[in-house]
Every structure is written in C-alpha cells, then in structure tokens.
Amino acid sequence: MTVLKVVDVLSKFEYNQFIVESWVKGFWAKNRVYDLVKAKSSLQPRKFYFLDGPPYASAKSIHVGTAWNKVIKDIVLRYYRMSGYNVWDKPGYDTHGLPIEVKIEQSLGLQVKKDIYEKVGVENFISYCKAFVEENMKAMTGQFREVGVFMDWDEAYVTYTNEYIEAGWWLIKRAHDKGLLQKGYRVLHWCPRCETTLADYEVSEYRELEDPSIYVKFPVRGKPGEHLLVWTTTPWTLPANVFIMAHPDFDYVRVKVGDEVLIMAKARLKAIMEEAGVGSYEVIGELKGRDLEGLEYDHPLEDLVDAQKGLRDYHKIVLAPEGVVEYEGTGLVHSAPGHGTIDYDIGVRLGFPIVSLVDDSGRMGEGSGAYKGFYFRAEANKAIIEDLERRGALFYKSTVVHRYPVCWRCKTPLALRATNQWFITVTKLKEELIREADRIEWRPEWAKTRFMNMLQELRDWVISRQRFWGIPLPIWTCRACGYTHVVGSVKELEEMGGYRPEDLHRPWIDKVTLKCPKCGGVMERVPDVLDVWFDSGVSFYASLGYPMRRDLYESLEPADFIVEGHDQIRGWFFSLLRSGVIGFSKTPYRRVLVHGFALDEQGREMHKSLGNYVEFEELISRVPRDVFRLWVSSNTTWEDLRFSWKALDYTFRDFTVIWNTFVFASTYMGLDGFDPEAVTLDSVRGYLGVEDRWVISRVNSLVKKYNEAMGDLRIHDAARALRSFILDDVSRFYVRLVRRRVWEEADTLSKRAAYATLYYVLKTWLSLAAPIIPFTTEYLYQHLFKPAEKNAPESVHLLDMPSANESLIDEELERDMDIARSIIDAALAARAAAGLKLRRPVRRVIVAAKDSRVLEAVSRLSDVIGEMVNAKSVEVKGLEFLEELRVYTVKPRMGEVGRDFKKLTPVIVELMRDKAGEIARSITSKGYYEAQVEGENVRLEPRHVDIGVEYPEWLSARESELATVAVDTRISPEEEAEGYAKEVVRRVQHMRKEAKLMIEDKIEVWLSGDEGIIKAVEFFEEYVKGETRAVKINYEEPPGTVYSKEWDIEDKVITIGLRKV
RNA sequence: GGGCCCGUAGCUCAGCCUGGUGGAGCGCCCGGCUGAUAACCGGGAGGUCGGGGGUUCGAAUCCCCCCGGGCCCA
C-alpha cells in the first residue's frame, strides 16, 4: 500500500477547517470511536481515576470558561489513555440548590417561599426543578461533545438521583457516628423576605447602602460619669448586646470631655474627636487593653428591653483580639452573639447567652420589649437612636455609606442572625485536614499555599438549609420523646419501620415516618435539605456507587487527578477534602490542577449583564473546535484567559500552515508513490542528510519535552512546544530545506530519505497533537497515514503516545543548527541590504565566525546555509578575515575635538582621515588612541569620534552575535544568465498554475523577446525544462493558439507561451 | 482589612523557580517569494520589564514597601 490513492483528497481539497471537523464528528459517530478508545483503555493495567468537578446545571448554554475547563480535562484524559492507562472518565452534573429553585420560582412567577406550598405545591415544584435540570444537562452534554470531549456521557453521574442521595446520607451518618454531627445555633445571613438562611456562596451581592453610624456611651458600672465608647452601624443589634470586646495589646485612653470621662483606643482618639467636632478634651489616663478585662458596664436601654434583664452579669469587657481593629471604631466593640459571627464564637467560648431578637421576617421579636414588631433596619434603628439620644447615651451620630450584603434575588438587605442549624464540627478535624492537604500535589504550587491558609481559618460546616430542591437531611426526630436518629441508607429506613419512596426528595420523603426505638413513638424527618456544596463534595465516592457497591471505589480511589478554576480552591477542592476526611480519614484526590478564569478582552468577567458574554453557539459557529482548543490550551493554565476573537483568528491562521505542511508531504509522497512500510526510516538510515538527522533529533526532543510537560500538568508548555515545532522547525525550515530534494524527478535515495523522515516526523507530531487537536489530527490520520499502513489502528486516538528515542537526539546538531539558522538570518539580511532577490544565486557567503563553536557549526552545515540563502558556496573564516577587508571611517565630532585640542584641531582632523583604520581599531579595542601631534601627546577617546565600518562595494555584510556574515554580491555573466533563467522559470510556473495544469503535466514552451534572456534560457535549457516539466522550448513567437503572456523582467520584455502536451 | 495570583513592545503573552547583554505572535513600515500559495518568508522601527527601595560585581528574575487588576475571604 502507498499513500498514492489519497493524494487527491488532500491536495485538491479546498481547505476548510469547519468541514474537516464535521467530517471527523461524523466519522467518530459512525465508527463509535469513543467506544473503541474506551475499550482499549480498559485493558490497560495502570488505573487513572479522573474525577470530574460537576458543572452546575442551571443554564442551557455553557460559558467559555466551562468549555475551557472541559477541554483541559479532555486533553489530560486523552493523553493518559494514549500513554497506556485505564482511564476513568465519568463526567458529572451538579443539580441541586437554591439557584435552581429561584429560576423555577421566577419562571412560575412566585414571590415568596410560602407560594411554593400554596400556589404550586412542593411535589410539582420538585418536578419542575428536575425537568429544568434535565434539559440543561442534555444541552450542556451536546456542547461538551461538540468541542470534542471524550467522556463517558452515557454514564454521567447526576447528583439528584436516588443513589446519589443515598450516598450522601451515608456521609451524614458517618459524621454522626464520629460525633461530628450537631445541632445548634449558628450566625448566618438571613433574608427576611425569602425567610431562609443563605449559604456563604449565596451572599455574593452587595449594595452601597446608607446606615447610621453612631457612637454610644455605655456607663461603667459603679463609676458615675465614666463611659465605654462604642461604635456601631447596626443600632438594631444593641438590644441584643451581651458584652464588649477590647484588644489586649492596644493602648486605650481615659479622656475627659466636659464633665464626662470616655474610654477608647488611643489610636482612634483624634479621628473620633475630629469626626464628632469636639475641640477640647483631655487625656487623663492611659492603659493597655488587657487592663480593661472584666470591667463591668450597664446597658443604656436595659429597662426598655426584656431580654436585657437577664444579661446584667455578662456586661463586661472581654479580651478578643480577633474582633477588634485599630483602623475604625473605638477599639471597644459592642458584641451581640446573636448577630455577629465573631461575637457568637466568643460568646459560646465564654458560655455567655446567645440572644437573637430578630424574627424570620426581620422584625424585632420576643424579648425586645419596647421595640417589638419594629423592622430591624428601619423602625428599630430609628427608635433606638432616639431613645439613646434622649437618655444622653449618644456621643455622636451620623451616617455611613458602605457595602452591605443583599439577597441576590430580591435585593433585600440581609441580617446576620443566630438560627438553629445542623452542622458538622469539622474544626475538630483541623489537624487531620491539614495533614491530608499537605499530601496533595498542587499545580501550581501557590494553590497549596492558598489552600493551607484557608484551612487555618477553618470553621464548622453548616449543612442545613430550609429549602426543597436538595438532598433531604436524613435525620428523624421522635415526636414523643425527642430522640433523634440519623439514617445512613434506604435499607436502614426500611428497618426502622419506614419505606422506600419512589423519589427520595421532598415532599415524598417527608411522609416517611419511623418508629422510635426508644419509646415506640412516631419519628418525623427534620424538614431541612443539605447545603448543595455537600453534594459535589461526596462525588469522589458517590459517583462510583459507594457505599451500595464497594468494589469500584475501593479499586479506583484516590482520584489521580482533578482540575477546576481557582475559585474552587475554597469551593469544591475543599468540600471534597472535608468529605474525604469525614468519611475515610484521608484525602480523596492526589493531584490538583488549577485553571484561571475566562475573562473578556479588557480582563473583566464575562457577564450577560455587561454585554460582553460570548454565547457558546456563537463561539462554535465562528471558531473551529480545534482552533478554540489549541488557543485555550496555549494559555498558561492557571492564569486568566482573556477572550479575544482576534487571538482566535491568529490561531486559526496557524492551522493553514499546519495543513499546508501535510499537503506538501502528501502531494509529493503521492506523486512518487512513496510507501512508508517499505521505505522505513531504518532502511534509509545511511542516506539521511544532515537536515534529516536534525529534524529527527528535534522531533524526539519534542517528544521528550512534551511528555515531561504533560506529566507535570504543564499543558500549555506542551501545546506551545507542539505549535512551534510544526510551524518553525518543520514548515518554515525543514520543508523549505528539502523541497529541492523532493522536486527531483528521479527516484533518488536522497528523496526517499526525505520522505521517510517527513513521514516519521509528521506521524510522531500527529500522535502528540492528538489530545489537543483531536479533530484535525484524526482527519489527517484518516487521509494520509491510515491508508498507507496495513495494520494501522482505526483512529489516531488509538495510537500509543510516542516516547522519545534518546539515541536519535543529537543535542550538538540541534545547537549547531541554531547557529546556522542565526547565520542564515544574517545572510538574508545582508542580501536584503544589497537588494539581491533570493532567486538570484550569489557566488559565495563568507562567515567570519566569532568563536570556534560557530566555526565548526557553520562548516558542518554549510550546505544547509547555502541552500537557504541560495549561495553557491559558504566559506567559513576567522574573524580576522573580514577585519582585513574592513574599511573604517573616522568622523571627528567637532565640538568635542575643538574644545579639547584647540589649535591642533585641523591637524587632528587630518590625522583622523589619514589614519582612520589605525585609530578606529585602537579605539574599538583599547578605548583610546594616542599619537604625537606637533610635538604634543594627543589622546583620542570614543567621545571625539564617530566610527563607521564599511566593506568593499562587492561585499554586503551583517554583524550578528555569532559572526559577521558577508555576501559576495559580484555576479559573473554566467550567474546573471542563471538568474534570468530562474526568472523565466518562475513565470512559466505562474502560467502553469494560471492554466490550471497539474504538477505532473508536461508542457511545450515558446519564448520570444529580449535577446539576453533568450540566450540565458538557451544556455540553461536543461535546467529550465526540468524545473517546468517542459519537453520542448521553441525560441520563437508563440502561436496564437497557445496560452501566452508578455512579461517584464528588469525592464527587459519577453513573451512566454505554453501548452500542455 | 487579610491570603494568594497577575502587571514585560501599540495589543496578547513567553522569560522569573535555578540572577549574567530583554523574547515571540499580531499590528505598523520596507523588501522578498510564488511547484504548500485566498498562503508564506526576511528586514526595520517600537520596551523607565507597574513605581520605589534593598541584596549583589551584576536584578525583568531574589527580598521589602507602594500602586493598579483578578480570585477567595473578612
């Protein structure tokens, strides 16, 4: 078999990347290529467990960043499959949670939570959520497939399934068994309109809001006239005040203002007095924060607030460095453990009561006395400030505008509020979490730093939400005796007297009651659902069916690789680790790669509201899939990606060059009937040219570099190396170099060697590139390589990843070629400077090497240099050679010379002209030139002169770092004639193309006009015939019947005619 | 306010870990090629390497401070 039969496909094909990709898509579907790839991988001995971070199925169209994310995953999976791993590639979808509930509420026009019960019913509501998510998943899967992601789409894991829910229950039970599951108060953001807690991640929207900014005086107990000064922007929390915090290390002052004494932080004194407009005050004492500890005070509103009655004993100063700052406030912080996170933690630590006076709807509730029924930010604030003022407890009041969290769906300002929630006390596992996190391999390394820092601030995990669309909390409480039981599985549910509902979601699960093992009473489920972060956190085992089946998880764990955006360091990476440690006391994953964000061209987030959002549909219709893939994978993975149509366009252009490279190969291999199975690299080893050995070395170096980069998860390094190899090394250098060998008509060994080399290099590259540009590589493989080999696998994706053949790597040769390329550049520049067209051969190029390494390299590669710069010979000389030819000009800088040498100036100017060479050499080498002029010692320095270098007219020279390269521009009559012959050849070729002749077509040529040119062609007739595939040249006016054209070659006119024979 | 990241040519980005004369692509100007060709190649102009300080013989690179942007928290 040969590649002959496919030539036409590639060369005649009008290249269209979109058509290429559609063809491949069809090919994959028709031949079930994913199944084949999967089947091959499943036979491999080494496991590679990839765990997909499930995208949130809340929309139909994926974000550019989501596409990037999946492409990274796909590249890694494809790489490991080709490298001989049994790859686990199940994708997943995250499907529960409030954001989805809200979308459904919006689509149904529901206003408040109550509407769900009253207007639609929970049962219907859940069905809507499910249907919505299913539609989204279907659309998203289609898009992931569209960009070529080879994952097990038919077996995707979905978090809303009964199996998944049951797996989630298992972990809650685990936490319970370990004594980590608790119920208690937690301070969380609460939306008073939606009447629900909001998860941390839901507190994402802030508004600039105006709030009171008040300084309140809390009387020091037993010291009339002395007050603790406290600052707050939330007067509504004052009725719930329990204690005041101070920083042990700060300096505090006692300040006399009028006839009162105020205590506050020294660092804040000036600012506060300025703000309050108090001109005269006197510091009468200074003390450390720690000296304030235990100081008791009275609450200024004690008699108005019922709840305050029982708090007298707790009203004192508590040392709490974490709650006090020096840049704002007074250094004394009013603490309401029912309304502040730090306040709460300290309150609990001290065993102080937790007072929360705001109810579900945001109004002051039981215990708030005079303020009962007042809405927290409105009436309550107003009334409290008035009361304080009336009582003389207000030092100063104004307002501030600051960022305040609002509910992201109804924009209502949120309240921090202690509510009863279920949580897992992961803080007890802190050391274990840190130990396990430390074992994980992070890319890049700073992700680890970030993760570790976060673990230092670990807080307990509040898992309960008062919502519907989520994993129901598997906790049942006895109506009679209050006994609580955690259910770990459906089986346990049945054993406890319950039953298996068809769907484990609310509301069906709510109807399942159990029999209390303590008193035999009826147990009902706690109505909460789980935080949606819990869902994805258990994916590492839940997606494998654990614990209902154990074998799969046990054989695969831990996950070998996960990758997500850097926002997931605190998100999924953390929730996974948390779940892993709770469930199995170890990290569920061993390697993490972090990727950046897809931003717009200005570096802003892409949002529909900003108008800079790129729809997937638009992306995929404007940009071929592989172009997108190559572009995103070239971006440094962990850095943000700035989306740019222009950048994609440029990447697209590279594909043309890649394509042309393969077309070049297939065209000539096809013409000559090259058979890669007969003419192997081994069989032509003795005939390899130096450029062949070079490119073979380069491709093996590439394989090495590529494998190292991929193994280290530096995908962008791999992608960039691939790109620059095919574009710079192969297309722009090697192909240019071998064209002449390939154009030979005869079947030479040199040509065979070139083909064998090219075939080997391109096929190797194709294998390496397959994970990154799976469509293009498949097309080229199917059309060029597969038909040429008898036992070639069905698809390029079934090939084995090449490993570097170190024996073919010749580092010295690669280094030498680098030198040669630099010399070539210099020579081309020298030619350009002399206005010599590349088509015109030059007699010789002289390379004056700056060191022996350059000298050796140029000697070794002189043929390559000669070919590339179209020189008959390349002479290598030492630096001294050109030095002899050099002519220096030394121009005096009259200002400097005049100032320094006064009267001697004219003589010195003359000297510079006469001894230019000597002076120039001396100044350039030693830095000065000394001479006796009219009996005086004269010292010329660089500032006195402008030194110029000139070469003889027939030499065009170029200085480079490695050498001075000079082109001998003299042309003999014969060379001039050859130049003309080439000009004619070029024009004939052009006309051949215009006449739409095939490369192999033979022609007859007519030539008339300028005598010099005719003579030149006659002289080089064999050459001209060979180049143009002309069987005959007639030196006469072309007959009217043939295709003819008049040409102007350097002002000489000729007429060329030709016809196919 | 904190942690981490980024800030290099007009634009997009390499180089920084392991200090040693600043790179690529695109754009611009000039030239070339035309048997890979709705391509391609060469040359040129263009940079206080965000700012400041320090370490060093030597800093884009290491350290500190500041400014601007991002992510995650507060």
Side-chain angles (χ1 to χ4, degrees), chain A residues 10-11 14-16 200-201 203-204 322-323 325-328 341-342 403 405 444-454 456-457 459 565-571 574 594 596-597 599 601-605 631 634-636 638-644 646-651 653-654 656-668 671 716-717 720 723-724 727-728 730-733 735-736 739-740 742-743 824-840 868-870 958 961 982 985-990 992-994 997-1001 1027-1029:
Chain A
L10 274 191
S11 60
E14 193 180 327
Y15 172 53
N16 182 323
D200 292 345
Y201 66 90
V203 182
S204 55
E322 67 269 47
V325 292
E326 221 165 6
Y327 57 86
E328 66 172 18
T341 326
I342 296 174
R403 281 176 80 228
E445 274 178 40
W446 55 255
K448 181 174 188 172
T449 313
R450 202 145 139 180
F451 197 74
M452 289 302 192
N453 288 340
M454 186 202 69
Q456 291 304 326
E457 300 161 24
R459 308 239 304 263
H566 46 58
D567 55 331
Q568 299 303 328
I569 292 175
R570 184 168 278 268
F574 178 47
V594 173
F597 269 48
L599 308 172
E601 210 149 7
Q602 279 80 47
R604 297 171 308 174
E605 255 188 85
W631 179 64
S634 301
N635 189 81
T636 304
W638 40 84
E639 283 179 14
D640 292 346
L641 172 80
R642 292 197 176 192
F643 187 86
S644 156
K646 231 165 84 183
L648 283 161
D649 262 358
Y650 298 143
T651 307
R653 285 196 214 171
D654 287 345
T656 323
V657 181
I658 294 170
W659 184 263
N660 284 339
T661 304
F662 282 84
V663 168
F664 171 82
S666 85
T667 305
Y668 289 101
L671 271 180
H716 49 285
D717 283 341
R720 289 170 190 165
R723 215 165 153 172
S724 85
L727 297 177
D728 296 332
V730 180
S731 173
R732 287 166 195 159
F733 197 70
V735 166
R736 255 159 220 287
R739 269 192 301 192
R740 200 152 296 281
V742 163
W743 289 344
I824 289 165
D825 285 349
L828 289 172
R831 286 189 71 116
L836 287 174
K837 294 181 176 182
L838 191 55
R839 210 179 313 126
R840 165 165 294 172
M868 291 298 280
V869 304
N870 196 9
R958 190 85 181 179
E961 285 169 29
K982 287 195 174 180
V985 166
R986 197 200 115 205
R987 284 161 176 80
V988 173
Q989 305 292 30
H990 191 83
R992 283 185 61 114
K993 178 149 291 185
E994 283 178 335
L997 298 184
M998 293 289 105
I999 287 170
E1000 62 271 25
D1001 290 339
E1027 289 287 303
T1028 60
R1029 305 211 171 179

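All values below were derived from every heavy atom in this structure, side-chain atoms included, with hydrogens, water molecules and symmetry-related copies excluded. Throughout, a chain's letter reflects where its sequence line sits, starting with A, and its residues are numbered from 1.
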Undergrad: Not counting sequence neighbours, which residues clear salt bridge (charged side-chain N to carboxylate O under 4.0 Å, His left out) with A:Arg992? List them please.
TA: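 A:Arg992: no salt bridge (charged side-chain N to carboxylate O under 4.0 Å, His left out) contacts found.
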
Undergrad: For A:Ser634, which contact category applies under a 4.0 Å heavy-atom criterion: base, sugar-phosphate, or nothing?
TA: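 A:Ser634: no heavy atom of the nucleic acid under 4.0 Å.
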
Undergrad: Parallel, tilted or perpendicular, judged at 30° and 60°: which one describes the rings of A:His566 and A:Trp446?
TA: tilted

Undergrad: B:rA39 pairs with which nucleotide, Watson-Crick or G-U wobble, both distances below 3.5 Å?
TA: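 WC or wobble partner does not exist here.
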
Undergrad: Taking any heavy-atom pair under 4.0 Å as a contact, classify A:Arg1029: base, sugar-phosphate, or nothing.
TA: base

Undergrad: Examine B:rG32: is either OP1 or OP2 under 4.0 Å from a nitrogen or oxygen in the side chain of A:Arg831? Give yes or no.
TA: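 A:Arg831 to B:rG32 OP1/OP2: no side-chain N or O under 4.0 Å.
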
Undergrad: Compute whether any side-chain donor of one residue and acceptor of the other, for A:Arg720 and A:Thr636, lie under 3.5 angstrom apart.
TA: yes

Undergrad: In Å and rounded to the nearest 0.5 Å, what is the CH2 to OG distance from A:Trp659 to A:Ser666?
TA: 8.5 Å

Undergrad: Can you give me the N/O atom pairs linking the protein to nucleotides 1-10 of chain B at distances under 3.5 Å, or say none if there are none?
TA:
{"from": "B:rG3", "atom 1": "O3'", "to": "A:Asn453", "atom 2": "ND2", "distance (Å)": "3.4"}
{"from": "B:rG3", "atom 1": "O2'", "to": "A:Asn453", "atom 2": "ND2", "distance (Å)": "2.1"}
{"from": "B:rC4", "atom 1": "O2", "to": "A:Arg450", "atom 2": "NH1", "distance (Å)": "3.1"}

Undergrad: What's the gap between B:rG50 and B:rU61 when it is taken at their P atoms, as a whole Å value?
TA: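 Their P atoms lie roughly 8 Å apart.
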
Undergrad: Does any N or O in the side chain of A:Asn635 come within less than 3.5 Å of the main-chain N or O of A:Glu639, such that one atom is a donor and the other an acceptor?
TA: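 Yes, A:Asn635 side chain to A:Glu639 backbone: donor-acceptor pair under 3.5 Å.
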
Undergrad: Within the sub-3.5 Å range, which N or O atoms of nucleotides 42-47 of chain B have a protein N or O partner, and how far apart are they?
TA:
{"from": "B:rG43", "atom 1": "O3'", "to": "A:Arg958", "atom 2": "NH2", "distance (Å)": "3.1"}
{"from": "B:rG44", "atom 1": "OP1", "to": "A:Arg958", "atom 2": "NH2", "distance (Å)": "2.8"}

Undergrad: Hey, does the side chain of A:Arg831 reach the backbone of A:Val869 with a donor-acceptor pair shorter than 3.5 angstrom?
TA: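 Here the side-chain-to-backbone pair exists.
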
Undergrad: Look at the side-chain N and O atoms of A:Thr656 and state whether any lies under 4.0 Å from the OP1 or OP2 oxygen of B:rA38.
TA: no

Undergrad: Do the side chain of A:Ser731 and the base of B:rA36 come within less than 3.5 angstrom through a donor-acceptor pair of N or O atoms?
TA: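 Counting by modelled atom types and ignoring angles, a donor-acceptor contact under 3.5 Å is found here.
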
Undergrad: Identify, between A:Asp654 and A:Lys982, the residue whose nearest nucleotide on RNA chain B lies closer to the 5' end.
TA: A:Lys982

Undergrad: Taking the same atom, C1', in B:rC49 and in B:rU21, what whole-Å distance lies between them?
TA: 15 Å

Undergrad: Just name whichever nucleotide pairs with B:rC62, Watson-Crick or G-U, keeping both distances under 3.5 Å, else none.
TA: B:rG54

